[in-house]
Amino acid sequence: MKKIECYVQPFDFEEVASSLVAAGVTGMSVIEARGFGVQRGMQRGVEPRKGEFLFHPKTKIEIVATDEEVDRVIEAIKTSIKTKQIGEGKIFVTQIEEAVRARTGEQGEAAIR
């Protein structure tokens, strides 16, 4: 199992979420976030003061998927991004050691279905 975390522009969220559902994702967590990347939040024509960072709104989506689903989920995210410009976000994939459904005690892939 893998955990897929992606950061997208808030205006891209609905399109990304729809693509994920169409790709078979049965659950996701969504978090409003603020952050900056390599450019430290700088925008054209806006020069931050020394040591200052400009945080931009982002939407973080978290999904736990089977190993077989990972490529399909990543492709759904990538193809649903609208502008294809710097600052669109990132996708991170990490290994999940175990998953347990608290209510029933189901473990592994059964816990994420």
Side-chain angles (χ1 to χ4, degrees):
M1 289 178 295
K2 303 279 196 259
K3 180 178 184 182
I4 302 165
E5 298 174 275
C6 68
Y7 293 83
V8 299
Q9 296 286 359
F11 56 78
D12 280 331
F13 169 70
E14 293 297 329
E15 182 85 18
V16 173
S18 293
S19 291
L20 288 168
V21 170
V25 170
T26 58
M28 65 183 88
S29 295
V30 179
I31 302 160
E32 291 182 19
R34 294 184 326 140
F36 63 88
V38 175
Q39 294 179 307
R40 297 172 61 184
M42 289 185 265
Q43 298 173 338
R44 279 182 222 168
V46 178
E47 195 63 38
R49 287 178 260 151
K50 184 175 178 153
E52 180 181 11
F53 304 107
L54 298 175
F55 290 90
H56 296 285
K58 298 288 184 185
T59 301
K60 179 181 180 185
I61 304 169
E62 296 180 350
I63 301 150
V64 176
T66 65
D67 292 346
E68 295 78 26
E69 296 170 322
V70 171
D71 290 339
R72 186 173 69 239
V73 171
I74 290 171
E75 192 58 31
I77 295 166
K78 290 185 337 184
T79 58
S80 61
I81 299 297
K82 292 178 184 165
T83 65
K84 308 288 188 212
Q85 301 208 6
I86 292 172
E88 282 298 331
K90 296 279 191 288
I91 302 169
F92 300 100
V93 180
T94 55
Q95 182 69 37
I96 296 290
E97 294 295 323
E98 183 62 274
V100 178
R101 187 183 310 271
R103 180 177 53 85
T104 64
E106 292 171 289
Q107 293 183 279
E109 289 184 15
I112 64 170
R113 296 283 155 236

Minimum side-chain heavy-atom gap L20-V73 below 4.5 Å | yes
Q) Is it true that I81 and V21 fall in one hydrophobic cluster, defined by side-chain heavy atoms closer than 4.5 Å? A) yes
When rounded to the nearest 0.5 Å, the distance separating NZ of K60 from CZ of F92 is 9.5 Å
- Using the side chain to side chain contact (heavy atoms under 4.5 Å, CB included) rule, take K3 and V93 through it: C-alpha gap first, then chi angles, then the decisive distance, then the call. CA-CA 6 Å; K3 180 178 184 182; V93 180; over 6 Å; no
Nearest heavy-atom contact between R101 and A111 is NH2-O, 3.3 Å
Is there a side-chain contact between K58 and R34, using heavy atoms and a 4.5 Å cut-off?
no
Practice prompt. Examine I74 and V16 and state if one hydrophobic cluster contains both, with Ile, Leu, Val, Met, Phe, Trp and Tyr joined whenever side-chain heavy atoms are less than 4.5 Å apart.
Written response: yes
Correct closest heavy-atom pair for A65 and I112 would be C-CD1, 4.1 Å
Q) Is there a side-chain contact between E106 and V100, using heavy atoms and a 4.5 Å cut-off? A) no
**Item:** Check: I77 and I4 side chains under 4.5 Å, non-hydrogen atoms
**Value:** yes
Does a side-chain heavy-atom distance below 4.5 Å link K78 with I91? yes
*Beyond-backbone contact of M28 with V64, side-chain heavy atoms, under 4.5 angstrom*: no
(message) Pair E69, T66 - check side-chain hydrogen bond (donor to acceptor under 3.5 Å, both in side chains), show working.
(response) CA-CA 5 Å; E69 296 170 322; T66 65; 3.2 Å; yes
S80 and S19 have their tightest heavy-atom pair at CB-OG, 3.2 Å
So do Y7 and T59 actually touch side chain to side chain, heavy atoms under 4.5 Å?
no
Report task. Using a cut-off of 6.0 Å, state whether more than 12 heavy atoms not belonging to E32 lie near its atom CD. Result -> no
Taking every heavy atom of M1 against every heavy atom of Q95, the minimum-distance pair comes out as O-NE2, 3.2 Å
Worksheet entry | Hydrophobic cluster membership, V30 vs V25, 4.5 Å side-chain cutoff | yes
(Q) Side chains of K2 and T94, heavy atoms from C-beta outward: is any pair under 4.5 Å? (A) no
Rounded to the nearest 0.5 angstrom, the CD1-SG distance for I63 and C6 is 5.5 Å
